[in-house]
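Report on the following structure.
Lettering of chains follows the sequences in order, A, B, ..., and the numbering in each one begins at 1. Given the structure is predicted, the values throughout are model-derived calculations rather than measurements.
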Amino acid sequence: MSRYNALKADAHWQGEWDARRTFAADDHSPKPRAYVLEMFPYPSGRIHMGHVRNYTMGDVLARYRRMTGHEVLHPMGWDAFGMPAENAAMEKGTHPGTWTRANIATMKAQLKRLGFALDWTRELATCEPDYYGHEQALFLDLFAGGLVYRKESAVNWDPVDMTVLANEQVIDGRGWRSGALVEKRKLNQWFLKITDFADDLLDGLAELKDWPDKVRLMQENWIGRSQGLTFSFQLLPAGGEERIDVYSTRPDTIFGASFVAIAADHPIARALAETREDAAEFIARCKAGGTTAAELETQEKLGFDTGLTVRHPFDPAWTLPVYIANFVLMEYGTGAVMGVPAHDQRDLDFARKYGLAVRRVVSDGDRTDPVFEGDEAYTGPGTIVNSHVLDGMDVAEAKRAVIERAEAEGWGSGTTVYRLRDWGVSRQRYWGTPIPIIHCAACGAVPVPREQLPVTLPEDVTFDVPGNPLDRHPTWKHVACPSCGADAVRETDTLDTFVDSSWYFIRFASQPDDRPFDRAVAERWLPVGQYIGGVEHAILHLLYARFWTRALKHIGRLDIAEPFAGLFTQGMVTHETYRAEDGRWLSPPEVADGIEIATGAPVTIGRVEKMSKSKKNTVDPEPIVDQYGADAVRWFMLSDSPPERDLPWSEAGIEGAWRFVQRLWRIVTTDAEGEGGDIALRKLAHRTVRDVAADIEALQFNKAVARLYTLASAIEKAQPSADRHAAAHTLLLLTAPMVPHVAEEAWAARGGAGLIADAAWPEIDPAMLVDDEVTVAVQINGKLRDTLTLPKGAPKEALEAAALASDKIVRALEGKAPRKVIVVPDRLVNLVA
RNA sequence: GCGGACGUGGCGAAAUCGGUAGACGCUGCCGACUUAAAAUCGGCUUCCUUCGGAGUACGGGUUCGAGUCCCGUCGUCCGCACCA
């Protein structure tokens with residue numbers, strides 16, 4: 001028997017699938033539908049192992065669904081706008097489009113080389129006008145629907161690169177490329193009203209049963225809904241109209257308040273800075289403080305006593321000092337808080353530092369003393385004390401009582417506050433979707449008329465000077481106002497690339513030329529049945545896509561609320577790290593047997609970590625595929641590690657996978673058609689069909705792989721028989737979604753009809769799933785002493801008798817009778833001695 | 001700091017409902033085939049000294065019985081991060 005030639009077979013069957021358009025989805029098929037989607041890649045240059053793992057998982061599911069009679073939509077495209085293309089343009093002088101399209105061509109060839117069952121007829125790239133033009137139309141729909149607005153907002157501004165930076169691009173207060181100190185700058189920016197949907201997005205999470213709990217929790221925290229009281233403190237001297245509004249989730253502790261703190265950029269603080277130099281200095285100090293996590297961790301809580309006082313709402317005679325504090329955020333709540341030191345750690349630290357009263361108002365067990373001692377604020381449940389009318393209530397009652405009173409007396413009201421902010425989508429960059437708005441001095445922001453879409457990016461741009469090429473382009477932005485005809489300018493900002501990825505799954509489902517999607521067709525496919533990608537998108541992308549879909553529903557364009565019914569977040573591909581004696585990182589090919597090949601010097605083998613260029617522990621999939629073939633790589637990606645966990649790449653592992661491909665080939669091609677039966681093997685085959693199906697549907701590929709190994713070994717050990725031949729046939733069908741090339745080659749060699757890609761998943765004979773014998777464990781005091789093989793369904797008495805008759809048990813009992821006998825039918829007998 | 005997940009052999013792991021811990025793979029060792037090697041095939045591979053015992057991070061608890069449930073401790077990883 002000849003060895004299986006993977007490279008030849010890969011090329012042949014990939015050509016065959018292409019030519020027959022095997023994986024093109026039919027919008028009009030009467031079959032049940034399955035939409036399987038993996039997060040589309042950014043065309044950075046070459047695919048990496050993470051892509052291979054992600055797309056292999058989706059591919060197995062897609063191919064399995066085809067076999068179980070579904071019309072499968074499994075598309076692929078490119079998240080093609082974004083900064084790396086502009087960086088490449090700056091470094092290499094190539095146009096971002098040239099760079100991006102070349103990368104797409106390379107990566108598409110690499111994906112094809114892996115034999116994924118993708119519908120390439122629906123391929124899309126977000127950087128092409130036939131995609132982003134429709135996105136502009138949708139943006140204008142949302143604009144017309146009142147979900148888009150423009151406001152001045154603070155951004156991170158890199159004064160050297162003359163561009164806005166995302167928070168992630170600010171490292172220790174400096175621009176990640178230029179190293180320049182980042183400034184806060186106010187710019188007019190476009191926002192999408194995601195906060196309108198905050199409740200809906202939060203409540204909708206409960207319905208997403210097939211999402212990981214972790215992701216739902218992350219989104220829940222991100223939305224950050226809290227209930228509390230927004231109320232005002234009247235500023236003294238009395239009679240003045242001025243008030244400070246605060247938000248508190250603990251109105252029950254209002255009698256424990258000992259100060260009010262406002263943000264450095266609160267209007268009252270700013271007004272004060274106009275007249276008082278020391279206040280202005282303090283505010284400047286607050287703003288100079290870093291905003292990175294590490295800096296916040298160590299930063300001291302600072303306050304500035306404004307000398308202002310406010311009146312306590314429950315007691316006109318009681319006044320509280322007003323501080324400006326560096327820990328109060330203008331962006332959250334009202335930008336002012338009431339400080340209750342006894343029941344908030346941060347307030348306690350602050351009060352101790354500035355000598356303010358610390359008054360207990362919630363009892364901690366028996367402790368009701370008015371002066372709060374101790375280093376930790378008490379935030380637990382308890383009875384309200386030292387609070388006049390509230391005394392004796394529990395925390396929840398007191399909250400209600402204070403809110404009721406505030407509402408009755410008109411100084412406050414119960415409110416819901418969110419951590420979630422509206423989505424700022426303006427980016428001062430070239431390589432993105434132009435925002436289809438024209439600014440006219442007379443008419444304001446005017447939408448570009450539909451017939452003028454798409455607003456395309458000009459090709460003649462340069463990146464040799466910093467700033468936005470669209471803004472400095474000589475002609476592009478100068479247009480007539482669509483409304484009044486006067487000279488006007490285009491918006492030169494482009495959309496956040498997260499907008500591009502917020503609806504691509506809809507465009508995959510339906511892509512007419514003249515509009516973003518056909519509603520009826522899109523609704524036939526959506527929601528995506530199974531979405532697979534990295535957990536790094538757990539919040540932003542997935543939340544934005546959920547918002548966008550709801551927004552389309554809100555304006556009546558699509559009757560789908562949740563875009564992704566099932567979500568799976570796969571683990572990373574990791575690898576050992578290697579370091580030379582002088583500390584240089586070494587790549588895997590530079591190392592053999594703990595020795596650096598070039599120098600012969602020993603190498604320090606480091607932790608297994610995520611593949612990264614900086615640690616040089618990446619493995620390029622392409623040469624691996626060229627060496628072992630696509631199936632071995634796919635099989636390895638599915639083996640061993642549970643898909644949600646990290647997968648350590650190893651040379652031994654890929655070789656093991658390659659051996660299995662060869663072994664599978666041998667089993668199914670050298671399989672003689674013998675006579676007679678082999679009932680045990682037949683049963684195993686049927687059980688494996690059932691179990692592998694369940695494993696694939698649960699995305700537990702590692703378990704499916706283990707079962708297939710077991711079946712393969714059993715077939716190898718079996719004598720030729722009709723059942724053995726049938727079991728080999730079953731094995732071939734079950735492995736086909738995972739290793740489709742060798743499966744096609746073997747299918748053809750065995751004379752199978754058509755393609756195995758079009759074959760049906762094997763039927764299960766329920767009679768083959770029942771066993772007439774079971775292995776029963778016999779324990780003494782819970783410890784295993786013997787196992788017995790008994791007929792299935794044997795009565796308890798029979799089990800007990802068989803157990804007591806066992807030699808090992810008789811010996812272990814030493815003639816004593818058990819005090820008690822526990823019998824679990826078909827499982828075990830436990831003798832309590 | 002807050003929230004969450006996890007901790008099982010030399011390694012990746014499995015163990016459906018509380019019921020035979022370590023399936024399956026990798027590595028390693030022994031053997032067969034071979035002039036030899038590769039490939040392939042067979043066997044062994046949790047630990048301890050044998051009978052046997054111990055063992056799922058550690059310490060307790062519930063139970064006839066705990067990897068699984070409860071309490072506590074330690075450790076690792078992830079998310080958020082001054083959110084009032």
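Counting to the nearest Å, the P atom of rA54(B) and the NZ atom of Lys783(A) are 4 Å from each other. In this entry the distance linking CD1 of Ile809(A) with P of rU20(B) reads 15 Å, nearest Å. Rounded to whole Å, the distance from CZ on Arg645(A) to P on rU76(B) is 18 Å. In this structure, the CD atom of Glu576(A) is 13 Å from the C1' atom of rG10(B), given to the nearest Å. Summarising the geometry, the separation between CZ on Arg663(A) and C1' on rC41(B) is reported as 11 Å, rounded to the nearest angstrom. Between the OH atom of Tyr418(A) and the P atom of rC80(B) there is a distance of 21 Å, rounded to whole Å. Rounded to an integer number of Å, the gap from CZ of Arg285(A) to P of rC82(B) is 19 Å. As rounded to whole Å, 11 Å separates atom C1' of rG12(B) from atom CZ of Arg53(A).
Using a 4.0 Å heavy-atom cutoff across all strands shown, Asn830(A) reaches at least one base atom of the nucleic acid. Within 4.0 Å (heavy atoms only), Arg421(A) reaches at least one base atom of the nucleic acid. Using a 4.0 Å heavy-atom criterion, one finds that Arg419(A) contacts the bases of the nucleic acid, with or without backbone contacts as well. Heavy atoms of Thr775(A) sit under 4.0 angstrom from at least one base atom. Leu217(A) comes within 4.0 angstrom of sugar-phosphate atoms only, judged by non-hydrogen atoms across all strands, and of no base. At the heavy-atom level, Glu655(A) lies nowhere under 4.0 Å from the strands shown. Counting non-hydrogen atoms under 4.0 angstrom, Arg659(A) reaches the backbone sugars and phosphates but no base. If you check every strand for non-hydrogen atoms under 4.0 Å, Val328(A) touches a base.
Nearest-nucleotide mapping onto RNA chain B: of Met218(A) and Ser650(A), the residue sitting toward the 5' end is Ser650(A). Position along RNA chain B of the nearest nucleotide to Arg827(A) versus Gly653(A) favours Arg827(A) as the more 5'-ward residue.
Rounded to the nearest Å, the gap between the P atom of rU8(B) and that of rA57(B) is 6 Å. For rU56(B) and rC47(B), the C1' atoms lie 13 Å apart once the distance is rounded to whole Å. Taking atom P in both rA39(B) and rU27(B), the straight-line distance is 10 Å, to the nearest Å. A distance of about 46 Å separates the P atoms of rC64(B) and rG42(B), rounded to the whole Å. The gap from the C1' atom of rC58(B) to that of rU76(B) amounts to 15 Å, rounded to the nearest Å. Nucleotides rG10(B) and rG22(B), compared at atom P, are 16 Å apart to the nearest Å. When the P atom is compared between rG28(B) and rA15(B), the two are found 27 Å apart, to the nearest whole Å.
The closest donor-acceptor contact from the side chain of Arg419(A) to the backbone of Ser226(A) lies at 3.5 Å or more, if one exists at all.
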Pairing of RNA chain B as dot-bracket, 5' to 3': ( ) intra-strand, [ ] crossing, | other strand, . unpaired, with Watson-Crick or G-U pairs under 3.5 Å?
(((((((..(((......[....))).(((((.......))))).(((...)))..(((((..]....))))))))))))....

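The phosphate of rC83(B) has neither OP1 nor OP2 within less than 4.0 Å of any side-chain N or O from Arg250(A). In this model, the phosphate group of rA84(B) is approached by a side-chain N or O of Tyr332(A) to a distance below 4.0 Å at OP1 or OP2.
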Using a 4.0 Å heavy-atom cut-off, write out nucleotides 44-49 of chain B from 5' to 3' as B (base contacted by protein), S (sugar-phosphate only) or - (no contact).
------

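Here Asp349(A) does not pair with Arg346(A) in a salt bridge; the nearest charged N to carboxylate O distance is not below 4.0 Å. Ionic pairing of Asp695(A) and Arg707(A) is present here: one or more N-O contacts between side-chain nitrogen and carboxylate oxygen are shorter than 4.0 angstrom.
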For a side-chain hydrogen bond (donor to acceptor under 3.5 Å, both in side chains) check, start with the C-alpha distance between Thr577(A) and Asn617(A), then their side-chain angles and the critical distance, and finish with the verdict.
CA-CA 6 Å; Thr577(A) 48; Asn617(A) 63 336; 5.8 Å; no

Kindly determine whether Ile262(A) and Val328(A) satisfy side chain to side chain contact (heavy atoms under 4.5 Å, CB included), including the steps that lead there.
CA-CA 6 Å; Ile262(A) 61 175; Val328(A) 180; 5.8 Å; no

side-chain hydrogen bond (donor to acceptor under 3.5 Å, both in side chains) between Arg359(A) and Ser387(A): does it pass, once the steps are laid out?
CA-CA 10 Å; Arg359(A) 214 170 119 90; Ser387(A) 297; 5.9 Å; no

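For rC17(B), the base adopts the syn conformation, since its glycosidic angle falls within 90 degrees of zero.
With distances taken from any side-chain atom of Ala777(A) to the nucleotides rA84(B), rC80(B), rU20(B), the minimum falls on rU20(B). Which of rU20(B), rC83(B), rG42(B) sits closest to the side chain of Lys717(A) comes down to rG42(B). Nearest nucleotide to the side chain of Asp640(A), out of rA14(B), rU20(B), rG12(B): rG12(B). Of the listed nucleotides (rC83(B), rG19(B), rG12(B)), rC83(B) has the atom at the smallest distance from the side chain of Leu329(A).
A centroid separation of less than 6.0 Å is found between the aromatic rings of Phe350(A) and Phe259(A). The six-membered or imidazole ring of Trp649(A) lies near that of Phe636(A), with a centre-to-centre distance under 6.0 Å. Side-chain rings of Phe372(A) and Tyr378(A) stay apart, their centers remaining 6.0 Å or farther from each other.
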Please report, to 0.1 Å, the donor-acceptor pairs under 3.5 Å made by any side chain of residues 637-647 of chain A, with sequence neighbours excluded.
residue	atom	partner	partner atom	Å
Ser639(A)	OG	Trp635(A)	O	2.6
Ser641(A)	OG	Asp646(A)	O	3.3
Asp646(A)	OD1	Met572(A)	N	3.0

Just list the side-chain donor-acceptor pairs under 3.5 Å for residues 778-795 of chain A, sequence neighbours left out, or say none.
residue	atom	partner	partner atom	Å
Asn781(A)	OD1	Ala833(A)	N	3.0
Asp786(A)	OD2	Ser806(A)	OG	2.7

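What you find for Gln227(A) and Tyr247(A) is that their closest heavy atoms are C-OH, 3.3 Å. Residues His537(A) and Met39(A) approach most closely at ND1-SD, 3.4 Å, considering heavy atoms.
Legend: residues meeting salt bridge (charged side-chain N to carboxylate O under 4.0 Å, His left out) with Glu609(A), ordered by chain and number and at least two apart, are Lys615(A).
Non-hydrogen atoms lying under 4.0 Å from RNA chain B are contributed by Asn702(A), Lys703(A), Ala706(A), Tyr709(A), Thr710(A), all within residues 700-711 of chain A.
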